[in-house]
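Below: one structure, written as structure tokens.
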Number of protein chains: 2
Amino acid sequence: MTEKQENILKSALKLFAQEGYASTSTSRVAKSAGVSEGLIFRHFKNKEGLLEAVLQMSMEAAKMHMADIVMTTDPKELIGKILELPFKIKEEEYEMWQLTYALKWQTDSYDTSSQEPLKLALRNAFEKLGYQNPAAEAELIYMFIDGAATSILLHPPEHKSEILNALKAKYQL
Amino acid sequence: MTEKQENILKSALKLFAQEGYASTSTSRVAKSAGVSEGLIFRHFKNKEGLLEAVLQMSMEAAKMHMADIVMTTDPKELIGKILELPFKIKEEEYEMWQLTYALKWQTDSYDTSSQEPLKLALRNAFEKLGYQNPAAEAELIYMFIDGAATSILLHPPEHKSEILNALKAKYQL
DNA sequence: TACATTTGTAAGTGATTACTCACTATTGTG
DNA sequence: CACAATAGTGAGTAATCACTTACAAATGTA
């Protein structure tokens, strides 16, 4: 991975997240990265290949988080960790999450398979705690962290910790 | 409002929602509506004007819903109605909601002002019910309905009613 | 009927799009 | 050093973009 290649990925992430994938031209990416436009196609084949490379790079860190959470055995601890997830997104991760959330609505790119392990772990946790409908509770939490992440990414609320506390209270945490 | 004008709006809504605003060309809209491309610019000035007209048309119904909810005086009834909101989106309203949710991520188009009356009503309701932190509770619910709507619009879950019940239980409804 | 206004079309416009190609510069390896 | 592979450039390409313009058809109104 050369320096110019990294610059392309960084610029692409920034522009795709800020302006949208479709509205960002490869020439804009090249200019922002300080390289010739042809280099993008040499390294990433086409615009879609560039997007995939950007997503792959961005998702490395996220996968580590997930793996850690899924390993948690204590059900209350697991639920707590998942609820905290959207409230602990770091500033430097904003762009990648903005991009992935925006792409959800691009019909062809949506893929739910990465959510499954987390949902399964959640369902097990609620089962252990004797909840009446563990599957529904898991879906519910998943819906919530989606909404919370959206809200935080678009207009970070001032009282995050109070909101998180109100939320945790609903699960006696 | 002529028939061709209506066709343009319908086609634009459909295509903007399915393919995205930036990736949908005015010529595609014209073809889909069965009109000449020039007519779009005659009636709506430019592509952005077309988008605004589409959104305005789509939002008429939504505003009626909101108005009804904000008038509700009983706090528990109000909270219940708001929680039900995303679960009661009609099939024929999917496209407009998909479009508005997708546009959220287009930085320049995001506007939170329409959310304020609802948030205020929610805060009052939680105050009446003696919740410790009504503002945080209102934010929390707002985050949730956002996530629920997203989830339902992208991949409608099978057990909506069970999820809604699990949710209502958290507020003793 | 007369005529102004609105609705609609077809064929353009220059700019920008994703992408290619012929070429040079740099680097790794025997 | 030799020389192949890789990295990088700059000037192309045809297609498509949002939008305009000149003109015709339909409609409202006196």
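Values reported hereafter were calculated over all heavy atoms of this structure, with side chains retained and with hydrogens, waters and symmetry mates removed. Protein chains get the first letters and strands the later ones, always in sequence-line order, with residue 1 at the start of each.
In this view, A:K170 and B:E137 satisfy the salt bridge (charged side-chain N to carboxylate O under 4.0 Å, His left out) rule, not counting sequence neighbours. Qualifying side-chain hydrogen bond (donor to acceptor under 3.5 Å, both in side chains) partners for A:T24, counting only residues two or more places apart in sequence or in other chains: none. Qualifying salt bridge (charged side-chain N to carboxylate O under 4.0 Å, His left out) partners for B:K160, counting only residues two or more places apart in sequence or in other chains: none.
A salt bridge (charged side-chain N to carboxylate O under 4.0 Å, His left out) check over residues 138-150 of chain B, counting only residues at least two apart or in different chains, returns the pairs B:K104-B:D146, B:K119-B:E139. Counting only residues at least two apart or on different chains, the ring-ring contact (aromatic ring centres under 6.0 Å, His included) pairs with a member in residues 136-157 of chain B are A:Y110-B:H155. For the side chain to side chain donor-acceptor pair (under 3.5 Å) condition, no pair includes a residue of residues 45-69 of chain B, sequence neighbours left out.
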Could you give the side-chain donor-acceptor pairs of residues 85-93 of chain A under 3.5 Å, partners two or more places apart or in another chain?
unit_1: A:K88; atom_1: NZ; unit_2: A:E84; atom_2: OE1; d: 3.3
unit_1: A:E93; atom_1: OE1; unit_2: A:K90; atom_2: N; d: 3.3

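Axis angle, first five pairs versus last five pairs of the helix from C:dT1-D:dA30 to C:dG30-D:dC1: 20°, rounded to 10°.
Across all strands, B:S23 comes closer than 4.0 Å to no nucleic acid atom at all (heavy-atom distances).
For A:S25 and C:dT16, the shortest distance from a side-chain N or O to OP1 or OP2 is not below 4.0 Å. Close to C:dT16, at under 4.0 Å from its OP1 or OP2, lies no side-chain N or O of A:S27.
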Inset, instruction - Scan nucleotides 3-11 of chain C nucleotide by nucleotide, 5' to 3', and note B when protein non-hydrogen atoms come under 4.0 Å of the base, S if they reach only the sugar-phosphate, - if neither. - result: ----BBB--
